[in-house]
Amino acid sequence: MPELPEVETTRRGIESALLGRRVLDVIVRDRRLRWPVEPGFERRVRGEAALAVERRAKYLLLRFPAGTAIVHLGMSGSLRVLGAGTPPLIHDHWDLVLEGGQVLRFHDPRRFGSLHWTSADPALHPLLQDLGPEPLSTAFDGEHLFRASRRRRVAIKLLIMNSHIVVGVGNIYASEALFRARLRPTRAAQRLSRAQAAALAQAIREVLAEAIAIGGTTLRDYVNADGVPGYFRQQLFVYERGGAPCRVCGTAIRQVTQGQRSTYYCPSCQD
DNA sequence: CTTTGCACCTGTTGGC
DNA sequence: TGCCAACAGGTGCAAA
């Protein structure tokens with residue numbers, strides 16, 4: 001479910017509940033996430049108080065004095081801050097019970113999410129070490145995208161969803177950014193001009209920043225830490241709009257499959 | 001090396 | 001009403 005804007009919205013929502021508060025208890029009800037939760041996880045975190053809540057790509061990093069919990073929400077995961085004593089429901093797989101009467105609760109029906117612990121620099125963790133730049137950092141710009149697209153035959157949509165090139169661009173925002181940049185998702189990456197790469201990099205930055213500003217996109221079940229959906233769905237130009245009229249020119253939006261995922265574009269606006 | 005497709009898992013939706 | 005196929009905000013990994 002969550003792409004970068006939803007993960008960033010979650011980060012902002014859980015930060016104040018965690019910072020400086022001791023973790024009184026760690027409850028893992030189901031260890032069978034994408035990777036099994038390490039047996040020692042509970043005892044590493046119990047008694048620690050978070051120093052920082054950060055995000056790298058779609059990973060949330062809960063930094064404690066002794067190490068870092070690395071959390072991924074997968075396709076259907078969410079993190080919420082609830083009152084301690086709120087009874088867990090189905091698919092509520094783990095809790096951090098916090099000093100002061102609140103609990104951070106992880107809910108994930110599909111269990112594609114994950115939870116790791118590292119006592120080393122999380123940037124060196126195998127899941128993080130080969131990631132590309134953050135799209136909202138200065139390391140990501142048109143020149144980066146242009147260089148990365150040279151001699152690549154893959155479709156440009158697949159390229160921008162490749163986390164080695166740039167992180168955080170998922171299925172919704174890939175289609176949306178390509179619409180804004182007026183580029184066909186199916187075009188070979190190597191056929192982008194320098195100017196088109198610059199336009200696409202800019203479109204990616206804008207669409208992600210705008211989505212963060214209104215709390216991300218809720219399609220089905222995404223909610224932020226307070227249980228509130230994101231409202232970016234109303235700003236979508238093409239995603240999940242196959243057959244509907246383009247909001248710019250009225251042409252029917254097309255839906256195609258790329259890399260076993262749905263892609264949406266306007267055949268008139270996008271070349 | 002790049003590219004492609006599968007796998008993991010549960011829930012919802014739409015057609016017959 | 002029931003059944004079954006298709007599809008869903010991700011991504012590591014194996015195979016081509």
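All chains are named by letter (A, B, ...) in the order of the sequence lines, taking the proteins before the strands, and each is independently numbered beginning at 1.
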Side-chain donor/acceptor of A/Arg151 to base of B/dT2, under 3.5 Å
no
Side-chain N or O of [X] versus OP1/OP2 of [N]: is the shortest distance under 4.0 Å?
X        : N      : value
A/Arg220 : C/dA8  : no
A/Ser76  : B/dC9  : no
A/Arg110 : C/dG10 : no
A/Tyr173 : C/dG10 : no
A/His91  : B/dG11 : yes
A/Arg111 : B/dT10 : yes

Nearest-angstrom distance from the residue atom [atom1] of [X] to [atom2] of [N]:
X        : N      : atom1 : atom2 : answer
A/Leu219 : B/dT13 : CG    : P     : 13 Å
A/Gln260 : C/dC13 : CD    : P     : 18 Å
A/His107 : B/dG11 : NE2   : P     : 9 Å
A/Lys157 : B/dT4  : NZ    : C1'   : 15 Å
A/Met161 : B/dG5  : CE    : C1'   : 14 Å
A/Arg261 : C/dG12 : CZ    : C1'   : 14 Å
A/Leu158 : B/dG5  : CG    : C1'   : 11 Å
A/Arg32  : B/dC8  : CZ    : C1'   : 12 Å

Among B/dG11, B/dT3, C/dA8, the nucleotide that comes nearest once only the side chain of A/Arg152 is considered
B/dT3
Just compare C/dT11, C/dA8, C/dG12 and give me whichever is closest to any side-chain atom of A/Ser262.
C/dA8
For DNA chain B, whose closest nucleotide is more 5', that of A/Ile90 or that of A/Arg34?
A/Arg34
Could you check whether A/Phe112 and the base of B/dC9 form a stacked pair, meaning centres closer than 5.5 Å and planes differing by less than 30°?
no
So do the side chains of A/Pro185 and A/Gln270 get within less than 4.5 Å of each other, counting heavy atoms only?
yes
With distance as the sole test, does A/Ser163 use its side chain to make a donor-acceptor pair with the main-chain N or O of A/Val167 at under 3.5 Å?
no
Using atom types as modelled and distance alone, determine if a side-chain donor or acceptor of A/Asp141 lies under 3.5 Å from a backbone N or O of A/Ala201.
no
How many angstroms lie between CZ in A/Arg11 and CG in A/Leu79, if you round to the nearest 0.5 Å?
13.0 Å
Value rounded to 0.5 Å, distance of CG in A/Leu178 from CD1 in A/Ile160:
4.0 Å
Could you measure between the two P atoms, the one in C/dC7 and the one in B/dG5, and give it in whole Å?
15 Å
Using atom P of each nucleotide, how far apart are C/dC3 and B/dC9 to the nearest Å?
24 Å
Need the pair for C/dG10. Rule: Watson-Crick or G-U wobble, both distances under 3.5 Å, any strand; none if unpaired.
B/dC8
Does A/Phe232 reach a base, just sugar-phosphate, or nothing at all? Heavy atoms under 4.0 Å.
nothing
If the plane angle is over 60° it's perpendicular, under 30° parallel, otherwise tilted; pick one for A/Phe41 and A/Trp117.
perpendicular
